[in-house]
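First comes the structure, then the notes that go with it.
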Amino acid sequence: MSETANMALSRLVEEHNFPSVVLKDVFTRMQSNQLGNNDEEAKEAYVWQQVRFLENYLKYMEVE
């Protein structure tokens, strides 16, 4: 079974010490996207977008 967007997001959050402001931003965006959105594929794609954001944050901010 391949990793889902939610699994990837959880893995990143568990493995890294992101600043609380970054995590709050990501989770607020995800919550807003969930409201009124009935398209499951679009929801999954949006979570993948947030995963890429966190990966880029790690890459460019050198957070461990």
Side-chain angles (χ1 to χ4, degrees):
M1 181 174 139
S2 62
E3 187 174 49
T4 66
N6 284 324
M7 290 166 63
L9 184 69
S10 293
R11 177 181 47 76
L12 283 169
V13 170
E14 289 175 14
E15 291 177 356
H16 301 281
N17 188 23
F18 292 100
S20 59
V21 67
V22 171
L23 293 177
K24 182 179 179 183
D25 182 53
V26 167
F27 292 123
T28 300
R29 289 171 185 270
M30 288 177 47
Q31 184 179 24
S32 294
N33 184 58
Q34 296 291 320
L35 298 173
N37 185 355
N38 296 323
D39 185 344
E40 293 302 319
E41 287 182 30
K43 288 180 187 179
E44 179 81 358
Y46 194 75
V47 176
W48 277 119
Q49 182 178 348
Q50 300 311 304
V51 168
R52 287 190 303 276
F53 170 79
L54 290 177
E55 291 171 339
N56 286 330
Y57 183 88
L58 290 172
K59 182 176 179 181
Y60 294 109
M61 299 307 285
E62 299 180 18
V63 175
E64 302 218 7

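By the criterion of side-chain heavy atoms lying less than 4.5 angstrom apart, applied directly or through intervening Ile, Leu, Val, Met, Phe, Trp or Tyr residues, L12 is grouped together with W48 in one hydrophobic cluster. Linking ILVMFWY residues whenever their side-chain heavy atoms come closer than 4.5 Å, directly or via other members, places F53 and M30 in the same cluster. Hydrophobic clustering, with ILVMFWY side chains joined whenever heavy atoms are under 4.5 angstrom apart, groups V21 together with V26.
Side-chain contact between Y57 and P19: present, with at least one pair of heavy atoms (C-beta onward) separated by less than 4.5 Å.
A45 meets the side chain to side chain contact (heavy atoms under 4.5 Å, CB included) test with no other residue; sequence neighbours excluded. Under the side chain to side chain contact (heavy atoms under 4.5 Å, CB included) criterion, N38 pairs with no residue, sequence neighbours left out.
Listed by first and then second residue, the salt bridge (Lys or Arg N to Asp or Glu O under 4.0 Å) pairs involving residues 42-56 are E40-K43 (not counting sequence neighbours). The list of salt bridge (Lys or Arg N to Asp or Glu O under 4.0 Å) pairs with a residue in residues 22-36, not counting sequence neighbours, reads D25-R29.
Residues V13 and F27 come closest through the heavy atom pair CG2-CZ, 4.1 Å. The minimum heavy-atom distance linking V51 with A5 is given by the pair CG2-O, 3.6 Å.
A distance of 10.0 Å separates CG in L9 from CD in E14, rounded to the nearest 0.5 Å. Between the CE atom in M61 and the CG atom in L54 there is a gap of 13.0 Å [rounded to 0.5 Å]. Interatomic distance, Q50 CD to N33 CG, rounded to the nearest 0.5 Å: 8.0 Å.
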